[in-house]
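To start, the structure under review is shown below, and the notes come after it.
We count ligands from 1, going down the list as the structure has it; atoms in each ligand are counted the same way. The first residue of the sequence shown is numbered 1, and numbering continues consecutively from there.
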Amino acid sequence: MIRDEGPGSPLPATLGGMQHPRSGPRRSIAVVGAGYVGLVSAVGFAALGHAVELVETDPDRLRALRSGQVPFTERGVEEALTAALASGDLTVLDRASRTESEIILICVGTPIDDLGYADMSAVEAVLAEIGPREPRPITVIRSTMPVGTSQRLFRDGGVADGSRFFIVPEFLRQGSALADFNSPNRVVIGRSRSVDPDAEAVVAELFAVFGAPMRLVTLEEAELIKNGANAFLALKISFANEMAGLAERSGADIGPVLDGIGLDPRIGATYLQPSFGFGGSCLPKELQTIALSGRERGLEMHVTSAAAEANLAHQRLFAERIDTLLGGVAGRSIALLGLAFKAGTDDIRSSPAVGLARWLRAHDADVHAFDPAAGGRASRAVPGLIVHDSAFAALAGVDAAVIATEWPEFKEMDWASARRLMASPHVIDGRRLLDPATMQALGYTYERVGSPSSEPARSTP
Ligand code: UGA
């Protein structure tokens, strides 16, 4: 048995130090849910030589996956899927009930509703479908759950026996999910007090292959680690963005300010990149989850609640700044470069770019957008949005361009030629992607988040 020596006890060196590629036995693993977490886990474990069954119930997605097509944008995953199908290490099933794998990884979505409550119905449905069976599989939840959820699943009978039940939260980022899978910065394994030591050893061995620090914790601790890690990242970006606003109004540039702050190793430089707001399906959700978990236990979670409010306020301020710079957006034609919540994905959930598109449309601007991956999704989500198939097409004849997602394409494009296409050479950069001196030399009026407006600030002596 791997002893629990209190919260966060590290594994013995023998397990923690295993080398990539797989050195343990080949396991049979079912991965339920083919979103970016499930699909990446499935192709990742197949590449390590395990026998993987990927379960996807949606018939269209199932068909696409079986022919090696990935239904979303995620670097390297299509190649890995094709290789895993060809080697026979991965097969695609339509129901969790069909699997006979010894380990079942649950990777289905747990979105929150308007009130902030996590919808656990997909997880519950998978647990019900697996049901009681012999031999009992090892069940590992990778989906994000609010603290206390596993206890509720036990109470409601969703999980009859905690001895072979684990939570191993994922820390993958969309856009670099496969790379993150292969080099996690830590592995957290949550298990119940009645854990079966053999099952625990199997789970630990499965994840020890990555050589990352491993922590064995309780189920509640695993839930809170996942909730808290995302909330803290969100908090850090909210802080950076709030400082960026202060810099804009103080005649300072936020770049050197955050560089100077982030050099302190107690603070660290990552997740301090200012933007006009953060999005995605995880960071905003986790702030709400933590605030709600606190409230349910009689605690006001001031810091996380404030970070969420700051994020919304920051996006509103950016929209108003565009409005001021253009002397009103009504009747103006504006190019929006980027719609995804960040580069490298076609995901538009809680995307600040889509929020901005909606705001501009609501204020009677004509919005011409381009995104290398998310155009189709966004045009269905924002009525009246005109989506083009290139950045140049979106820029033709517009009064201003806004950079809303940090796609490298927008940094590398020919801005000299773009200037000739635009009716007025205004660029407002919500991601601090471009070089101000270069843009000004090309004749643009260039404004960006975290730098003062080019008009002299009123407080400047
Ligand atoms: C996040 C976490 O980073 C992952 O560790 C976690 O596994 C994942 O959620 C999850 O729970 O599944 P993700 O939502 O893919 O990953 O995206 P991030 O790369 O963290 O970016 C989130 C948002 O913050 C984006 O809108 C991004 O543009 C923004 N951001 C990020 C900034 O504005 N500044 C930064 O410095 C970093």
Exercise. Are Ser101 and Glu53 linked by a side-chain donor-acceptor pair shorter than 3.5 Å?
Worked result: yes
For this session: Rounded to the nearest 0.5 Å, what's the gap from OH on Tyr446 to CE on Met439? Could you check?
Result: 7.0 Å
Seminar exercise, completed: Contacts for ligand 1, heavy atom under 4.0 Å, by chain and number, are Tyr36, Glu170, Phe171, Leu172, Arg173, Gln174, Lys226, Asn230, Leu233, Ile237, Tyr271, Leu272, Gln273, Ser275, Phe278, Gly279, Cys282, Leu283, Phe341, Lys342, Arg431
Exercise. Are Phe370 and Phe392 an aromatic pair by the rule of ring centers under 6.0 Å?
Worked result: no
Exercise. Are Thr149 and Glu223 close enough, and set up right, to give a side chain to side chain donor-acceptor pair (under 3.5 Å), and what steps lead you there?
Worked result: CA-CA 8 Å; Thr149 305; Glu223 289 165 342; 4.6 Å; no
Exercise. Are a donor atom and an acceptor atom from the side chains of Arg321 and Thr324 found within less than 3.5 Å of each other?
Worked result: no
For this session: Take Glu220 and Gln151 through the test side chain to side chain donor-acceptor pair (under 3.5 Å) and record every step on the way to the result.
Result: CA-CA 8 Å; Glu220 291 71 27; Gln151 282 311 325; 2.8 Å; yes
